Amino acid sequence: MEFLCHHRDRSDSLALRMELLEEHWSSMDRFAQEMIARGPTLAGDGETPTGSVHILDLPDAATARAFAFDEPGYQAGVYRDVLLRRWRDLLGRTMWDFPGGPTEGDRFLVLGLGAGEAADLTVPAGRGDDLIAYGPLLSDDATAWLGTAALLRAPGPAAARALLTEDRYADIEVHPWQFGGRSQ
C-alpha cells in the first residue's frame, strides 16, 4: 500500500526542526527500502524548510500512521498538521530513478484536493520527463478519489500548477520542493 505523508511546519519551529534533523533522518533510515520519494518543501527563498514530504510503500495503514505520528519532529511539535493519504504510484518508479537527477531545474510538490468526480487519473501526456512522482490521493480503503499529488520539475509555480485540471479541485497547493535525505 502506498501512502503520501506531508508534515507541515509551524511558522515558529525552524530552530526545533534543525535541532531534531539527525533524529528525523535516523527515523527515516528505518524506512529507506520503502521510500518512493522524500524531501522538504521550501519557502519562496528556496532554502527555508516549510514541511516534509514522504511517499512510501508500507504494509498497512497502521504502519503508515506510526510512520507519520511517531516521527521525532511530530512528537516534539515541529509540525502544525499532517496530511496522510493512500496514494497510487502511476509512474512505477522512485525519485532516485527520475532521469532528471536530484538537482536539475526547479522542483515542486503539487497537491490537488479533490472536489466531485475524479480527475487526472492518468499520467499527463508529454510530461513524463518532468514527473518525479505522480498519482491519486485516495480514501483509507482506496475506493474514493480525494485528489492528486505530484512531485515534478517545472519552470515555476504556475507551470507546476497547470499540471492539474484547475476546475476539478477544491484547492491546488504548490510548494517548492527538493530531493531529501542524507547526502551520499
Side-chain angles (χ1 to χ4, degrees), residues 1-9 27-28 30-41 50-71 73-75 78-98 107-154 157 159-177 179-181:
M1 297 179 164
E2 296 155 336
F3 294 87
L4 179 136
C5 181
H6 182 202
H7 291 92
R8 297 188 235 212
D9 292 10
S27 178
M28 296 303 107
R30 295 187 336 235
F31 295 92
Q33 296 302 310
E34 292 85 5
M35 289 280 178
I36 295 169
R38 67 185 288 186
T41 56
T50 60
S52 292
V53 175
H54 297 89
I55 302 174
L56 307 100
D57 189 358
L58 298 170
D60 53 47
T63 304
R65 283 190 295 278
F67 171 87
F69 299 112
D70 292 346
E71 193 276 337
Y74 179 83
Q75 289 295 312
V78 170
Y79 307 117
R80 67 179 168 97
D81 60 47
V82 178
L83 172 69
L84 179 63
R85 289 282 180 245
R86 291 279 301 269
W87 186 76
R88 186 169 301 125
D89 181 5
L90 296 182
L91 298 178
R93 66 178 186 220
T94 71
M95 72 180 206
W96 297 276
D97 300 321
F98 173 62
R107 312 301 172 91
F108 298 92
L109 164 67
V110 178
L111 292 172
L113 305 175
E117 289 188 44
D120 301 317
L121 294 176
T122 60
V123 176
R127 297 298 301 261
D129 289 346
D130 293 325
L131 294 174
I132 299 161
Y134 184 88
L137 297 168
L138 303 167
S139 60
D140 289 347
D141 64 3
T143 61
W145 175 82
L146 302 176
T148 304
L151 297 170
L152 74 150
R153 175 179 57 193
R161 183 185 188 92
L163 178 72
L164 300 182
T165 308
E166 183 83 26
D167 64 348
R168 300 300 295 276
Y169 296 90
D171 190 23
I172 298 176
E173 299 177 9
V174 178
H175 305 271
W177 173 85
F179 277 51

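All of these numbers come straight from a predicted model, not from anything done at the bench.
- Here the straight-line distance linking atom CD of E173 with atom OG1 of T41 works out to 9.5 Å at 0.5 Å rounding.
- Rounded to the nearest 0.5 angstrom, L4 CG and R88 CZ are separated by 14.0 Å.
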Are R38 and F31 close enough, and set up right, to give a side-chain contact (heavy atoms from CB on, under 4.5 Å), and what steps lead you there? CA-CA 11 Å; R38 67 185 288 186; F31 295 92; over 6 Å; no
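- Taking NE2 of H54 as the reference point, atom CG of L84 lies at 12.0 Å (rounded to 0.5 Å).
- The minimum heavy-atom distance between P59 and M1, with the atom names listed, is O-SD, 4.0 Å.
- The two residues W87 and A133 have their closest heavy-atom pair at CH2-CB, 4.0 Å.
- Considering CG of L90 and CG of L131, their distance stands at 10.0 Å, rounded to 0.5 Å.
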Can you list the steps and then say if D130 with R153 is a side-chain contact (heavy atoms from CB on, under 4.5 Å)? CA-CA 5 Å; D130 293 325; R153 175 179 57 193; 3.2 Å; yes
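- W145 places no side-chain N or O within donor-acceptor distance of the main-chain N or O of G114, the cut-off being under 3.5 Å.
- Considering all non-hydrogen atoms of both residues, D9 and G51 come closest at OD1-CA, 3.3 Å.
- Considering all non-hydrogen atoms of both residues, W177 and L109 come closest at CB-N, 3.7 Å.
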Working note: F3 + R85, criterion side-chain contact (heavy atoms from CB on, under 4.5 Å); need CA distance, chi angles, decisive distance, verdict. CA-CA 6 Å; F3 294 87; R85 289 282 180 245; over 6 Å; no
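- Rounding to the nearest 0.5 Å gives a distance of 11.5 Å between CG of D57 and CD1 of I55.
- Expressed to the nearest 0.5 Å, how far OH of Y134 lies from CG of D120 amounts to 4.0 Å.
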Applying side-chain contact (heavy atoms from CB on, under 4.5 Å) to M35 and W96, what does each step give before you reach the verdict? CA-CA 10 Å; M35 289 280 178; W96 297 276; 3.7 Å; yes
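- Residues Q75 and D70 share a closest heavy-atom pair of CG-O, 3.9 Å.
- Shortest non-hydrogen contact noted between M95 and F179 is O-CE2, 3.3 Å.
- Ring orientation note: the planes of Y74 and Y79 are close to parallel, at an angle under 30° on the 30°/60° scale.
- Ring geometry for H7 against F67 counts as tilted: the plane angle lies between 30° and 60°, on a 0 to 90° scale.
- Distance alone, capped at 3.5 Å, is enough to place a donor-acceptor pair between the R168 side chain and the E117 backbone.
- Side-chain contact between F98 and L91 is absent, with no heavy-atom pair separated by less than 4.5 Å.
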